[in-house]
Amino acid sequence: MSFPLLTATAALPAVGAVATAAVPAARRTAAKWLALLVSLATLALAIIVLVRFDPGGARYQLTESHAWIENFGVRYELGVDGIGVALVALTAVLIPFIILAGWHDADPLETGSRRWRPTQGFFALILAVEAMVVISFESTDVFLFYIFFEAMLIPMYFLIGGFGDRAHAQGEEAASTQRSYAAVKFLLYNLVGGLIMLAAVIGLYVVAGNFSLQEIAQARANGSLHMATSTERWLFLGFFFAFAVKAPLWPLHTWLPNAMQESTAPVAVLITAVVDKVGTFAMLRFCLQLFPQASKWATPVILVLALISIVYGALLAVGQRDIKRLVAYASISHFGFIIMGIFAMTSQGQSGATLYMVNHGISTAALMLVAGFLISRRGSRLIADYGGVQKVAPVLAGTFLIGGLATLSLPGLAPFVSEFLVLVGTFARYPAIGIIATFGIVLAALYTLVLYQRTMTGPVKPEVSAMPDLRARELVVVAPLIVLLIFLGVYPKPVTDIVNPAVKQTMSDVHKTDPKPSVEAAK
């Protein structure tokens, strides 16, 4: 039997989470280093997975399949395609930076009668989330995927509610109340989506007799599994609703601004750059592959919802006074682009959407982590409390600017390529949607540049006059992310070569081909 590489990639952070939680309370620094080393070892395994993956080979590679609950047709099945392997790599890359950025976020602190939770728990929960996200990207059994899709909510709930942002102007009691509200709202929204998906998972089993993604998709393709049109549409809606909550898609998005506002910056990155990607990934892997006809049936409505997310999220970002809420609404707008690219049903759109998942993760991590360093120095999330930071902390301001420019998809930075592909792919089939969506780019430039102007330029406010610049640990966090943004902005081919074959297979699943140009090229 070959080495179960995919299992090891998910199991290592899970074991590391248990080991980190078991470190004695007095050995907080040891727990931090253990968590960091485990995340780096997981990154090494993810790199091996990436190297061993052959873009020109079988659709699902490094597969594992073992009997689990035989009476119900549930198997432990893992496998990665080009989309899954890219997102596993993204997750493994980001977690070490999240751990380093949050190095002191869970240190003990007495505030009135409340003591912060143990440091060990904070880093153990991050590793637990990593394990569950990785196995979600690897699962090819629908029931196995569902278990971890739901299970990741528990550690995220405690990370939001138990280790919230300390920069709160209304006092610790009010901060604790708002953290609890944000955590409960996150949990309830996602649990409702998960329960609806569970009903759809059971319905799929009743129709197909098993939970194997590959077997069901193959049976649909060769005609041996017939599904009534109404049945397929109801099952699709059950799956899509849960993924739209997780993504999040308007109007199911309202939990995200609260969760990101009340979380520490590293946990906010974990939410939007890692966990939320499971929703958009699952739309490609499960919705389109299992329910191709229903996916095409729902496309017009989904594109309209995605378009609303793009414009609505960007408009609300323009009006925000809180830095974290601004980044949250910007992310809602970006997820609208991703979902629009998926359901444009063109190879350019889906390649762009997959690339956008990777690039958005990197750009949001860069911007939010630098914003977190800024907020920790001033002790406030309000934009109005800053001014002239670039004069006293030029490196911090410079990295903040690059992260912001990536968010607005400046040419030469990674998100530009993905956003361009999404718009080209959408315009080829739905020109009106593509034209209106470009308005989101204009708004992105507005909220990003206004944010930078109000916080970094102008007279130096007395409260920031002694603000230190980025320290060595913080530079180690930010510098590699900036390098990745520039590298993938100039040379995205390594990622597109991996994801394009998987995108072509997804297009084949839904029996779609790229539309031909309506006007012949001039001779």
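Since we're looking at a predicted model, the values are computed, not measured. Throughout, residue positions are numbered sequentially from 1 according to the sequence presented.
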Between Trp255 and Leu187, does the side chain to side chain contact (heavy atoms under 4.5 Å, CB included) criterion hold? Intermediate values first, please. CA-CA 9 Å; Trp255 63 267; Leu187 188 64; over 6 Å; no
[atom1]-[atom2] distance between [X] and [Y], expressed to the nearest 0.5 angstrom:
| X | Y | atom1 | atom2 | value |
| --- | --- | --- | --- | --- |
| Ile95 | Leu40 | CD1 | CG | 11.5 Å |
| Leu188 | Tyr157 | CG | OH | 9.0 Å |
| Arg179 | Leu159 | CZ | CG | 12.5 Å |
| Leu5 | Gln61 | CG | CD | 12.0 Å |
| Met340 | Ile310 | CE | CD1 | 4.0 Å |
| Ser180 | Lys185 | OG | NZ | 14.5 Å |

Any donor and acceptor pair, going by atom type alone, linking the side chain of [X] with main-chain N or O of [Y] inside 3.5 Å?
| X | Y | result |
| --- | --- | --- |
| Gln120 | Pro24 | yes |
| Tyr386 | Glu463 | no |
| Glu77 | Glu64 | no |
| Asp81 | Tyr60 | no |
| Arg321 | Ala384 | no |
| Thr272 | Ala268 | no |
| Ser139 | Asp141 | no |
| Glu262 | Ile160 | no |
| Ser363 | His360 | yes |
| His334 | Thr407 | yes |

Over all heavy atoms of both residues, which pair between [X] and [Y] is shortest? Give the atoms and the distance, please.
| X | Y | answer |
| --- | --- | --- |
| Ile98 | Pro266 | O-CB, 3.5 Å |
| Ser309 | Leu249 | OG-CD1, 3.4 Å |
| Ala328 | Leu256 | O-CD2, 3.9 Å |
| Val499 | Ala86 | CG1-CB, 4.1 Å |
| Val417 | Gly489 | CG2-O, 3.8 Å |
| Met132 | Pro155 | SD-CG, 4.1 Å |

Just checking, any donor-acceptor pair under 3.5 angstrom between side chains of [X] and [Y]?
| X | Y | result |
| --- | --- | --- |
| Thr7 | Tyr76 | yes |
| Glu419 | Tyr356 | yes |
| Thr254 | Tyr189 | yes |
| Tyr452 | Gln390 | yes |

Please test Asp322 against Ile383 for side chain to side chain contact (heavy atoms under 4.5 Å, CB included), starting from the C-alpha separation and ending with a verdict. CA-CA 6 Å; Asp322 183 296; Ile383 297 172; over 6 Å; no
Please determine whether side chain to side chain contact (heavy atoms under 4.5 Å, CB included) holds for the pair Leu413 and Ile486, giving the CA-CA distance in whole Å, both sets of side-chain angles, and the decisive distance to 0.1 Å. CA-CA 5 Å; Leu413 296 175; Ile486 297 172; 3.9 Å; yes
With a 4.5 Å heavy-atom cut-off, do [X] and [Y] have their side chains touching?
| X | Y | answer |
| --- | --- | --- |
| Phe286 | Phe243 | yes |
| Leu78 | Thr63 | no |
| Val495 | Thr354 | no |
| Leu374 | Met456 | yes |
| Val358 | Lys277 | no |
| Val327 | Met260 | yes |
| Val278 | Phe149 | yes |
| Val134 | Phe148 | no |

Parallel, tilted or perpendicular: which one describes the rings of Phe143 and Tyr146, with boundaries at 30° and 60°?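 Correct class here is tilted.
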Ion pair Glu474/Arg377, N-O distance below 4.0 Å: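 So Glu474 pairs with Arg377 through a salt bridge.
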Is the Phe281 to Phe137 ring centre distance short of 6.0 Å?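 Here the rings of Phe137 and Phe281 have centres that are less than 6.0 Å from each other.
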Are Asn258 and Arg325 close enough, and set up right, to give a side chain to side chain contact (heavy atoms under 4.5 Å, CB included), and what steps lead you there? CA-CA 8 Å; Asn258 296 99; Arg325 289 185 72 87; 3.9 Å; yes
Using the rule given for ring-ring contact (aromatic ring centres under 6.0 Å, His included), can you reason through His253 versus Phe335, listing the C-alpha separation, both sets of side-chain angles and the distance that settles it, and then say yes or no? CA-CA 10 Å; His253 67 285; Phe335 275 106; over 10 Å; no
Would you say CZ of Arg454 has more than 12 non-hydrogen atoms from neighbouring residues, nucleotides or ligands within 6.0 angstrom?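 No, not enclosed.
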